[in-house]
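A short write-up of the structure that comes next.
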Amino acid sequence: MIQSAPKERVLIFDTTLRDGEQAPGASMNAQEKLDIAHALERLRVDIIEAGFPVISKGDFNSVKLVAEHIKNSIVCGLARCIKKDIDAAAEALTSAKQARIHVFLATSKIHMEHKFKKTEDEIFQIAVDHVKYARQKCENIEFSPEDASRSDKKFLYRIIEAVIKAGATTVNIPDTVGYSMPAEYGQLIADIKNNVPNIDKAVISVHCHDDLGLSVANSLAAILNGARQAECTINGIGERAGNASMEEIVMALRTRSDFYGCDTNINPKEFFRTSRLVSKYTGFAVAPNKAIVGQNAFRHEAGIHQDGMLKNRSTYEIMQPKDVGFTLTGLVLGKHSGRHAFNDRLKSLGITLKPIQLDKAFERFKKVADKKKQVFDEDLVAIVEDEVKVFHEAWSFVRLESKSGTNIKPNVHVVLKSKNKSYEKEMTGDGPIDACYKAIDAITKMKGQLLDYSIQSVTQGKDALGEVTVKVKIQEKVVIAQGTSTDILEASAKAYLNAVNKVIAQALQKK
Ligand code: KIV
Ligand code: ZN
């Protein structure tokens, strides 16, 4: 019998909470970051970069919180080559079961001259000194020569050799501005392997940005040439055009392990759920055609394709939707389904609720099932996400009535509840949503400024659930929140009210 060679392991370093959060408008609060960290742990990510502790009190506290709770993944904090950055990272990581400090310093001519006004030798010494300093505080040290792909190769070899001698256990080669081409980047990794004498003492890592849409291709080219850690984010979110997407790298390695001879320890069945969570907390919708986790990634529209699929799925399918957590069982539940069936279905989607959460979610499911004949898995996920709040709900939505039309000034009557008491208000506005938000402002006495609004349907059909995402500024805080309903205005009201509740919960947490 021919035995296939064992696959080499590629470590997955997730930076959704650090580089991902650097995406304009993607900021998350500490609780949301912890939820994502738990989801990453369920995915079996090897290293979670939880933040940049020195940058703000909020970042410090979230890295600390993640370090306190995550046990199965290494928790990493970012630091510049500055002692106070390294001190902050070490302190935030004190209670981590497994900790890593990631220090970085730019090595390209452009950065050294314009950002630092320093020579190669000065940069070399700063890097070595700070890796040594970090190593005194933590055994697991990663060093990144920022803008490595535009750095002089000889200088890169020299600095990499020195930081490994100084104690770096991982050397990360960032394509910081997404400038490299796959063949070129693969060659860079091969050259580093061949020209850095002590390279076998460290893991080579890759970190690619998507400015030219090549981040995943570059990461894979690097792996083909010997890199054994890939830095990436869920849904590919990140600075500017984003980082390489974890789900794409992992599924490429898995689907084409015959080609790469590598695999990861990731449990891909968690991808869909984690992707939804990141999208919900950042407010960044996942494009329907996004590879692996987009709603259309496994849908076949053309007649010829559907015919082929019916004859044999492998005609047009290289991965199965269930492999990445899509269940797509078609019709699942309806208005006659009981609580037991509802709970069973949630469990098979990997969702376990506390009894009180289950009550709320089931009550909401019944209301949705009354309006919508067929309740799909995607609807269930949206219902649960909408109903099971991670924060205290100061105000809950009761109902609304609206009048609007051509030549009618929109008028909305909103009823909310707080501490078992009902409050109502009727307002007019430039449109029904404006009137509705004015009524919520008047009841809650929280003046919000709507910065962004988007709506997406959860499933197809005229009776589909609509999911509204809002970005609202309330009391100088910018929050992102969602609401779902078969009625667009109701979904809009719920999303706005969730934003108000988030701000109240954040203020309570600080007390
Ligand atoms: O893109 C980059 O160079 C970075 C470094 C901090 C690794 O994010
Ligand atoms: Zn980056």
Side-chain angles (χ1 to χ4, degrees), residues 11-24 26-27 46-56 59 63 74-82 85-86 88-89 92 100-112 114-116 123 126-127 130-131 134 140-152 155-156 159-160 163 168-180 185 188-189 192 202-216 218-219 222 227 229-246 248-249 282:
L11 300 169
I12 295 297
F13 175 115
D14 177 90
T15 183
T16 305
L17 300 178
R18 200 278 296 171
D19 222 335
E21 207 210 15
Q22 281 173 221
S27 58
D46 298 284
I47 304 109
I48 298 173
E49 187 163 57
F52 195 168
V54 82
I55 227 71
S56 71
D59 245 56
V63 175
I74 295 173
V75 180
C76 176
L78 184 67
R80 288 166 297 186
C81 278
I82 299 177
D85 282 37
I86 296 169
R100 173 181 293 186
I101 298 180
H102 176 189
V103 283
F104 73 102
L105 184 65
T107 50
S108 66
K109 226 178 158 112
I110 308 173
H111 281 234
M112 290 190 296
H114 299 288
K115 236 167 71 176
F116 300 126
I123 291 290
I126 295 171
H130 287 84
V131 167
N140 191 331
I141 300 297
E142 172 168 330
F143 176 76
S144 289
E146 191 190 4
D147 206 16
S149 55
R150 292 193 300 167
S151 300
D152 174 70
F155 180 48
L156 213 48
I159 204 164
I160 291 172
V163 294
T169 41
T170 301
V171 281
N172 180 41
I173 310 300
D175 183 26
T176 303
V177 290
Y179 179 74
S180 224
Y185 193 61
L188 173 62
I189 302 300
I192 289 172
V203 173
I204 303 178
S205 168
V206 290
H207 177 114
C208 300
H209 280 270
D210 211 34
D211 301 67
L212 292 171
L214 293 168
S215 60
V216 171
N218 280 336
S219 304
Q229 175 179 290
E231 303 201 351
C232 43
T233 60
I234 295 293
N235 299 339
I237 64 166
E239 186 82 45
R240 305 180 310 278
N243 287 63
S245 130
M246 185 202 299
E248 294 176 24
I249 294 179
T282 55

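It should be emphasised that the depicted structure is a prediction, and the values quoted were computed from it without experimental measurement. Order of appearance sets the numbers: ligands from 1, and atoms from 1 within every ligand.
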How long is the straight-line distance from CG of L17 back to CD of E49, given to the nearest 0.5 Å?
9.0 Å
Just need the protein heavy atom nearest to atom 3 (O) of ligand 1, so name the residue and atom and give the distance.
T176 OG1, 2.6 Å
Counting backbone and side-chain atoms alike, is an N, O or S atom of D19 positioned under 2.8 Å from the Zn ion (ligand 2)?
yes
Given G178, A148, S144, P145, which one has a non-hydrogen atom that is nearest to atom 7 (C) of ligand 1?
S144
Numbering the atoms of ligand 1 from 1, which are under 4.0 Å from a heavy atom of D19?
8 (O)
Are there over 12 heavy-atom neighbours, none belonging to Y179, within less than 6.0 Å of that residue's OH?
no
Atom NZ of K109 with >12 non-hydrogen neighbours under 6.0 angstrom:
no
Going from CD1 on I249 to SG on C208, what distance comes out if it is rounded to the nearest 0.5 angstrom?
7.5 Å
Test salt bridge (Lys or Arg N to Asp or Glu O under 4.0 Å) applied to R18 and E239, step by step:
CA-CA 10 Å; R18 200 278 296 171; E239 186 82 45; over 6 Å; no
What do you reckon, does R18 have a nitrogen or oxygen under 3.5 Å from a nitrogen or oxygen of ligand 1?
yes
Using a strict cut-off of 4.0 Å, indicate which atoms of ligand 1 neighbour a heavy atom of E146.
3 (O)
Closest protein heavy atom to atom 4 (C) of ligand 1, given as residue, atom name and distance to 0.1 Å:
H207 NE2, 3.5 Å
Could you tell me whether H209 approaches ligand 1 through its side chain, its backbone, both or neither, with non-hydrogen atoms closer than 4.0 Å?
side chain
Check whether D210 reaches the backbone of L214 with its side chain - one donor and one acceptor, N or O, closer than 3.5 Å.
yes
